[in-house]
Amino acid sequence: MILVPRMNVLDKVLTLRPTSVVARLGNRSRLPVLNPRELLVALEGVPAVLPCVPVPVRPMLPGLLAAARVEDAVLGLMCPHPLADRGAAERFMAAVQEVAEADGHARPVFLQAGPVRVPNAEPEALEQLQEGIFRLVDAGFSLVSLDVTRLEPDAAAEAVRRLAGPVLERELSLEVSLPAGAEGGELEGARALLEGLRGLSVRFLRVSAAILGDEEQEVQFLRSLVEVAGQYGAGVSVGEAGRRSARVLPTYVAAGVKKVECAAPFERLALAAYPEPVRTSLEQKAEKAGLGAGELLGVVGAQLAALEAPDAARLEALTFAEASEVLAALGASRTGWKSMLFLAEKWGD
């Protein structure tokens, strides 16, 4: 194996950033925003999954990135509703770049757009979403997630084929959720969807933790899903994880899952940082919209009054502590430098 001097590793890794990322960040940026595809290769055989967490409000970003540096971890940052308005994706990217570069962040990061909800497979709806997907690619995300849980497998495959073009043309990573289906028929639905998407290079098949059973059933089902997805070159990701406890996260590592979105703890922290009248208003609006209050905060957070300095500082500290626990539970500690060194040696020349 050729040893790469430490001072050259970051330079080599930066050459692997997607062109759309470089176009968004600028050539002078030293932030290693990578495609999850490369990170999966770098961590092959390592008992860890790619962690992905939402950023409901900006004050959480310093805590998240600081935890990744202290834990020496790969980290995914998720913009859960990137099409909420025309500026949402760009604001998210600008905030990540500003905070990361101010702190000199030099561990691998991947940036996820979505899950983007696909309500139906009607041409008019898909045409509107397609325009949005183009914007997400141009915004600099390295992973786009499509939520087709409302569609049957055949319709879901048709919709994904219509929408995935901009993502795959830029050789970015694509994630697709399990389609709708009868309870107990998830494996058959997954196989039907992936068969309909054969040749599209789906990187992740996403399953919501909400449909998983107890721990023993969870592991058994996930292992079966991992096997099915692997037959089509895809890995399994778990969404909406951590609603019960971070203690469940290692079971996903054991089951062979490749990526986990741990949203709930961070949504709770963000919501708790706001005064009670704001929380009550968000809860009422969320109930009408069919969302969780923390999830809605991720949509409208930029419209709310900024947190007072002490509240923002406390949120940052709590976020750091929560993120450190999540990264450790997912086996992500000490994956940052390991993956960078591997990538520099394998592809950096």
Side-chain angles (χ1 to χ4, degrees), residues 31 51-82 84-85 87-105 107 109-113 239-247 249 260-286 289 291-330 332-333:
L31 179 61
C52 190
V53 299
V55 187
V57 290
R58 182 191 172 101
M60 303 181 81
L61 265 174
L64 292 171
L65 292 172
R69 290 193 298 276
V70 170
E71 294 292 326
D72 180 24
V74 169
L75 177 64
L77 298 173
M78 177 174 62
C79 183
H81 296 280
D85 60 63
E90 288 75 12
R91 287 196 303 272
F92 175 87
M93 298 298 294
V96 170
Q97 181 175 11
E98 182 179 353
V99 173
E101 294 184 352
D103 292 340
H105 193 80
R107 287 296 184 266
V109 174
F110 66 92
L111 303 177
Q112 173 178 321
E240 303 175 357
R243 292 191 180 278
R244 287 172 285 175
S245 168
R247 290 193 298 272
L249 299 181
V260 170
E261 296 169 13
C262 194
F266 299 98
E267 291 174 350
R268 287 195 293 266
L269 286 178
L271 196 61
Y274 283 86
E276 184 176 353
V278 175
R279 295 200 303 271
T280 300
S281 175
L282 285 169
E283 290 166 356
Q284 293 171 346
K285 292 176 181 177
L291 302 173
E295 188 180 5
L296 180 62
L297 179 59
V299 181
V300 303
Q303 303 169 21
L304 300 177
L307 291 171
E308 297 290 337
D311 295 327
R314 183 171 183 273
L315 177 58
E316 178 182 336
L318 292 173
T319 300
F320 171 85
E322 185 70 43
S324 298
E325 181 180 354
V326 166
L327 293 172
L330 292 174
S333 301

Practice task
Take atom CD of Glu308 as the centre, draw a 6.0 Å sphere, and report whether it contains more than 12 heavy atoms from other residues, nucleotides or ligands.
Solution key: no
Practice task
Decide yes or no for Arg58 and Val99: does some side-chain heavy atom of the first lie under 4.5 Å from some side-chain heavy atom of the second?
Solution key: yes
Problem - Nearest heavy atoms of Thr319 and Gly63, plus distance in Å - result: CG2-C, 4.3 Å
Practice task
Output all residues satisfying side-chain hydrogen bond (donor to acceptor under 3.5 Å, both in side chains) with Gln97, sequence neighbours left out; order by chain, then residue number.
Solution key: Glu101
Problem - Residue pair Leu271 / Gly294: nearest heavy atoms and the distance that separates them - result: CD2-N, 4.2 Å
Exercise for the section: First locate atom CD of Glu283, then atom CG of Leu291, and finally report the distance between them rounded to the nearest 0.5 Å. Expected result: 13.0 Å
Completion exercise
Applying side chain to side chain contact (heavy atoms under 4.5 Å, CB included) to Ala67 and not counting sequence neighbours gives Phe320, Ala323, Ser324, Leu327
Exercise for the section: Identify, with sequence neighbours excluded, every residue that meets side chain to side chain contact (heavy atoms under 4.5 Å, CB included) alongside Glu276. Expected result: Arg279, Thr280
Practice task
Taking all non-hydrogen atoms of both residues into account, name the closest pair between Pro82 and Ala88 and its distance.
Solution key: O-CB, 3.6 Å
Handout entry: Separation of Leu61 CG from His105 NE2 (nearest 0.5 Å)
Key = 10.5 Å
Problem - From Arg268 atom CZ to Glu322 atom CD, the distance as rounded to the nearest 0.5 Å - result: 7.5 Å
Practice task
Dump the intermediate steps for side-chain contact (heavy atoms from CB on, under 4.5 Å) on Glu267 and Leu297, then the final yes or no.
Solution key: CA-CA 8 Å; Glu267 291 174 350; Leu297 179 59; over 6 Å; no
Handout entry: Residues which pass side chain to side chain contact (heavy atoms under 4.5 Å, CB included) with Glu90, listed by chain and number, not counting sequence neighbours
Key = Arg24, Ala139
Handout entry: Residue pair Met60 / Val53, side-chain heavy-atom distance below 4.5 Å
Key = no
Practice task
Return the minimal non-hydrogen interatomic distance between Met78 and Cys52, and the atom names on each side.
Solution key: CB-SG, 3.7 Å
Handout entry: Which atom of Leu111 lies closest to which atom of Val96, heavy atoms considered
Key = CD2-CG1, 4.1 Å
Practice task
Under the side-chain contact (heavy atoms from CB on, under 4.5 Å) rule, what do Phe266 and Leu64 come out as? Steps first, then yes or no, please.
Solution key: CA-CA 10 Å; Phe266 299 98; Leu64 292 171; 3.7 Å; yes
Handout entry: Under the side chain to side chain contact (heavy atoms under 4.5 Å, CB included) test, residues paired with Ala273 that sit two or more places apart
Key = Leu307, Leu315
Problem - Pairwise distance CD(Gln284) to CG(Leu296) - rounded to 0.5 angstrom - result: 11.5 Å
Problem - Side chain proximity check, Leu77 to Leu65, heavy atoms < 4.5 angstrom - result: yes
Handout entry: side-chain hydrogen bond (donor to acceptor under 3.5 Å, both in side chains) against Glu316, all qualifying residues, sequence neighbours excluded
Key = none
Problem - Heavy-atom closest contact (Pro51 atom, Ala332 atom, distance) - result: CG-CB, 3.8 Å
